[in-house]
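In listed order, ligands and their atoms are each counted from 1. Numbers here are sequence positions counted from 1.
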Amino acid sequence: MSSSNAPRLIVALDVERLADAVALVDRLEPLGVIFKVGLESLLGYGEAIRARLQETGASSFIDAKLHDIPRTVAAATRAIVASGVRIVTVHAIGGNEMMQAAVETADERAAELGIDPPKIFAVTILTSIAPEELNELGLRGGPGENVMRLAALARDARCAGVVCSPHEVRDLKRYFGAGFEAICPGIRPLGSAHGDQKRVATPRDAVEAGADYIVVGRPITEAPDPLAAARAVLAEIEAAGVHGAL
Ligand code: C5P
């Protein structure tokens, strides 16, 4: 990456076995990517992969999707903060006080440890929720309206940004400005299988729309050569950064 403001690649370590996750970290760490530890790896072998990431000095994203009472979320955040942990997620639907508890605890714990605090990002509406399900949940309006309302809550709670679809980034940046960051999953390099992702975008499209981070899982982790696949995505990010209409 040419500068610290350049969009970053996050590789999702969504694999069942610790050995496979460790192999991916060892192969891809020299590229300076951020590794996403999601619920599958956190609950399956969280302690071991977190220790390994710390040992290698890699950057990590603990996708814990915290949603509980503020005290519990603060305690969980305290347990997550460690050197190299750059990003932690909470659910915006947990409310302002809960998100603030995560942000404040991350800052406090990092100061105690003498390290940079992780950024707290909020998950708004899961992309797996269909529009009609929003009403079942008692949420008025369509997905776009709900995403923007929850993003406003997250900004007020001093979260660094939100996790959103590449298709929502332009609106998000228009409402909240360039400084409110966007992490975008649902990325498929040209020619790769979509899997269960429905509304996908290429790395280039996502970066040109304003994504600050893109999350790529299977197109890299299931590629015959994950290192080559990750390099190709990085090249696409770089090309979009140079030529894109940001
Ligand atoms: O393999 P794939 O590239 O689809 O992985 C995308 C990653 O982003 C997965 O870890 C998935 O859980 C996560 N994610 C997503 N859509 C969301 C939120 C997170 O695909 N709305």
Q) Does any N or O in the side chain of Asp14 come within less than 3.5 Å of the main-chain N or O of Glu40, such that one atom is a donor and the other an acceptor? A) no
(Q) Which residue and atom name correspond to the protein heavy atom nearest atom 7 (C) of ligand 1, and how close is it? (A) Val215 CG1, 3.9 Å
Q) Just heavy atoms, cut-off under 4.0 Å: does Thr127 contact ligand 1 by side chain, backbone, both, or neither? A) both
Q. Applying a 4.0 Å heavy-atom criterion (strictly less than), which segment of Ser128 is in contact with ligand 1: side chain, backbone, both, or neither?
A. neither
Q. Are Val90 and Leu139 in one and the same hydrophobic cluster, where Ile, Leu, Val, Met, Phe, Trp and Tyr link if side-chain heavy atoms are under 4.5 Å apart?
A. yes
Q) Can you tell me the protein heavy atom closest to atom 20 (O) of ligand 1 and the distance? A) Gln197 NE2, 2.7 Å
Q) Is the closest side-chain donor-acceptor distance between Arg86 and Ser59 under 3.5 Å? A) yes
Q) Does the N or O separation between Asp63 and ligand 1 drop below 3.5 Å for any pair? A) no
**Q.** Heavy-atom gap Pro219 to ligand 1 smaller than 4.0 Å
**A.** yes
Q. Based purely on interatomic distance, does Lys65 place a nitrogen or oxygen under 3.5 Å from a nitrogen or oxygen of ligand 1?
A. no
Q: Check if Leu126 has a non-hydrogen atom at a distance under 4.0 Å from any atom of ligand 1.
A: no
Q: Just need the protein heavy atom nearest to atom 13 (C) of ligand 1, so name the residue and atom and give the distance.
A: Lys36 NZ, 4.0 Å
Q) So, does His91 use its side chain to make a donor-acceptor pair with the main chain of Asp68 at under 3.5 Å? A) no
Q. Considering only the protein, which heavy-atom contact is closest to atom 10 (O) of ligand 1, and what is its distance?
A. Asp14 OD2, 2.6 Å
Q) Are Leu39 and Ile129 co-members of a hydrophobic cluster defined by side-chain heavy atoms under 4.5 Å apart? A) no
Q: Count the heavy atoms belonging to other residues, nucleotides or ligands that lie under 6.0 Å from CD of Glu133, then report whether that count exceeds 12.
A: yes
Q. Arg218 heavy atoms, cut-off 4.0 Å: which ligand 1 atoms fall inside?
A. 1 (O), 2 (P), 3 (O), 4 (O)
Q | atom 2 (P) of ligand 1 [closest protein heavy-atom partner, distance rounded to 0.1 Å] | A | Arg188 NH2, 3.4 Å
(Q) I want to know if ligand 1 touches Gly217 in the polar sense, i.e. an N/O pair below 3.5 angstrom. (A) yes
**Q.** Carboxylate-amine/guanidinium proximity below 4.0 Å for Lys173 and Asp171
**A.** no
Q | Numbering as shown, the atoms of ligand 1 that approach Ala12 to under 4.0 Å (heavy-atom distance) | A | 10 (O)
Q. Do Thr105 side-chain atoms and Ala101 backbone N/O form a donor-acceptor pair below 3.5 Å?
A. yes
Q. If you count the atoms of ligand 1 from 1 in the order shown, which ones are under 4.0 Å from a heavy atom of Pro185?
A. 8 (O), 14 (N), 15 (C), 16 (N), 17 (C), 18 (C), 19 (C), 20 (O)
Q | Between CG on residue Asp107 and CZ on residue Arg158, distance to nearest 0.5 Å | A | 6.0 Å
(Q) Just to check, does Glu222 reach to within less than 4.0 Å of ligand 1 when the distance is taken from its heavy atoms? (A) no
Q) Considering all heavy atoms of both residues, which atom of Ala92 and which atom of Thr124 are nearest to each other, and what is their separation? A) CB-CA, 4.5 Å
